[in-house]
Structures are given as structure tokens and as C-alpha cells.
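For ligands, and for the atoms within them, numbers begin at 1 and follow the listed sequence.
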Amino acid sequence: MKISVSFLKSKFSLTETLKKIDESTADFIHVDLMDGVFVEEKTENSSEILSELKKVTKPLDVHLMMEKDALEKTIKEIYKLNPYRLAIPSELDSTEKYLEDIKAHNILCGIAINPDTNIKDIKKFFDKIDFVLVMSVYPGKGGQTFLENTTTKLQEIIRERDNKKLQFTIAVDGGIKKDTIKQVKPYCDTVISGSFVCMSDDYDKQIALLKEEPNKTL
Ligand code: DX5
Ligand code: ZN
């Protein structure tokens with residue numbers, strides 16, 4: 001189980017938060033960028049974020065919540081940071097084209113699956129992706145409550161993946177804390193946790209709490 005830490009909601013400054021995540025036992029830094037169109041919220045300090053991210057050493061796990069116009073521009077900046085992986089919305093007209101483009105840059109490509117997205121509408125992407133990012137909250141904000149029906153969705157995705165003998169990995173994003181992680185841990189490879197880690201002083205202590213839950217196998 002890998003832990004990716006989102007810095008969307010933190011009690012420290014951006015610079016300090018990124019430094020604390022970078023020095024922690026987290027496996028990845030999760031980067032949330034929003035355009036105010038695909039989701040209501042807009043990342044106002046994206047150029048500051050992009051420049052601060054040049055200083056970190058941990059692999060970047062990027063999550064773009066954007067329509068085509070902002071995505072087109074942002075993705076070029078993201079490529080310069082050479083991220084480990086990049087998730088885009090499954091709802092774009094050109095999702096498939098972007099997945100190919102991300103792959104061509106030697107970056108793992110994935111689709112973000114929103115709580116209301118029907119799996120049957122997106123399974124056409126399943127043989128084209130390296131991972132799915134399953135949203136366990138409605139995208140836009142940190143610190144929201146974990147949606148209980150996420151487990152059913154994860155089981156559905158796994159059934160489809162196994163039927164087709166595919167290998168993509170599964171990440172779960174939103175509302176992950178000590179008491180909710182047990183609901184997703186058996187079904188995913190990575191969890192993204194934001195406020196549970198970044199609203200505390202001791203990041204490693206919080207990450208250890210996430211890691212200590214028993215690891216059941218499917
Ligand atoms: C929500 C973001 C998540 C969020 C996670 O739109 O994609 O990555 O920041 O934060 P918590 O763990 O606080 O829900
Ligand atoms: Zn995210």
C-alpha cells in the first residue's frame with residue numbers, strides 16, 4: 001500500500017507543506033490542479049505550485065480536474081516536471097488522445113473516476129490506462145467526508161479488470177483517514193490522503209496510522 005499526500009488543505013504554507021511531505025515517509029506527492037470549470041474551485045496559485053514542485057525530490061502523482069482549454073496549457077507545464085503519473089478526467093471529448101500523449105512522454109497515464117461516473121461508460125479506457133484514480137469525494141475540495149459507496153465501485157472496477165485480464169493499478173482519493181482507509185485498503189494499491197496528514201504537525205505519525213491498518217488480501 002502506497003501513500004500519496006495531497007497538499008490542497010494544509011495548516012502550513014505551500015513551501016513548508018511541500019518540504020514536510022518531501023521529508024516524510026510518503027511515497028508520492030499528490031498534485032491537485034483545478035480550472036474553475038470542470039470543478040467550481042480554481043487553483044489560483046498554480047504557477048507558484050509548479051515552481052515550488054521543481055524543488056521536491058519525491059515522485060509526483062498529478063491529478064488534473066480541468067476541461068480541455070486549461071488542460072491543454074497545464075499539461076505542457078506538468079510534462080516539464082517529469083511526474084511519475086498523471087490522471088485526467090474521463091469525461092473529456094479527447095480523453096483518449098491525451099492518454100496517448102501522456103504515454104508518449106513516458107509518464108503513467110490514468111483516468112479520474114468521479115462518484116457519479118458510471119463504470120460502463122468508461123470501461124472503454126481500461127485497456128489504455130496504467131491506473132484509475134477513484135474519487136471517494138466529489139472533486140474540488142480537501143477535507144470532505146469519504147463516500148461510503150466507494151467500496152462497491154472499487155469492487156466493480158476490479159471485476160471488470162479481472163474479466164479482461166488487465167493490469168492497471170487503483171488509487172483512491174478523498175476523505176482517507178485512519179477510520180476510512182480500512183474500507184478501501186483491500187481494493188487499491190495507493191491511497192491519497194490530504195487533510196488527515198497536512199492538517200497535523202507530525203506527518204510521519206499520521207502516515208504511520210494509515211499504514212498500520214491490517215492489509216487484507218482480496
Ligand atoms: C479533491 C482532491 C483530493 C483531496 C484529498 O478534489 O482531488 O486529492 O485534496 O484531500 P482529503 O484527504 O482532505 O480529502
Ligand atoms: Zn486529488
Query raised in the report: Can you say whether the rings of His30 and His63 are parallel (under 30°), tilted (30 to 60°) or perpendicular (over 60°)?
Result: tilted
Query raised in the report: Can you check side-chain hydrogen bond (donor to acceptor under 3.5 Å, both in side chains) on Ser136 and Thr150, steps first, answer last?
Result: CA-CA 6 Å; Ser136 38; Thr150 307; 4.7 Å; no
Contact table, ligand 1 N/O with protein N/O, distance under 3.5 Å:
residue	atom	partner	partner atom	Å
ligand 1	6 (O)	Gly140	N	2.7
ligand 1	7 (O)	Asp32	OD1	2.9
ligand 1	7 (O)	His63	ND1	3.1
ligand 1	7 (O)	Asp173	OD2	3.0
ligand 1	8 (O)	His30	NE2	3.3
ligand 1	8 (O)	Asp32	OD1	3.2
ligand 1	8 (O)	Asp32	OD2	2.9
ligand 1	8 (O)	Asp173	OD1	2.7
ligand 1	8 (O)	Asp173	OD2	3.0
ligand 1	9 (O)	Ser6	OG	2.9
ligand 1	9 (O)	Asp32	OD2	3.2
ligand 1	12 (O)	Gly194	N	2.7
ligand 1	13 (O)	Gly143	N	2.7
ligand 1	13 (O)	Ser195	N	3.0
ligand 1	13 (O)	Ser195	OG	2.5
ligand 1	14 (O)	Gly175	N	2.8

Query raised in the report: Which heavy-atom pair separates Ala112 from Ala87 by the least distance, and what is that distance?
Result: N-CB, 4.5 Å
Requested in this report: Indicate yes or no: does Asp27 engage Lys211 in a salt bridge with an N to O separation below 4.0 Å.
Outcome: yes
Query raised in the report: Mind checking whether Val184 and Ile170 sit in one hydrophobic cluster, side chains of I, L, V, M, F, W, Y counted as touching below 4.5 Å?
Result: yes
Query raised in the report: If you round to the nearest 0.5 Å, how far is CG of Leu8 from CG of Asp32?
Result: 5.0 Å
**Report entry** Opening angle between OD1 in Asp32 and OD2 in Asp173, taken at the Zn ion (ligand 2), to 10 degrees
**Finding:** 170°
**Report entry** Apex the Zn ion (ligand 2); atoms His63 ND1 and His30 NE2; angle rounded to 10 degrees
**Finding:** 100°
Query raised in the report: Any idea how Phe168 and Phe126 line up, ring-wise: parallel (<30°), tilted (30 to 60°), or perpendicular (>60°)?
Result: tilted
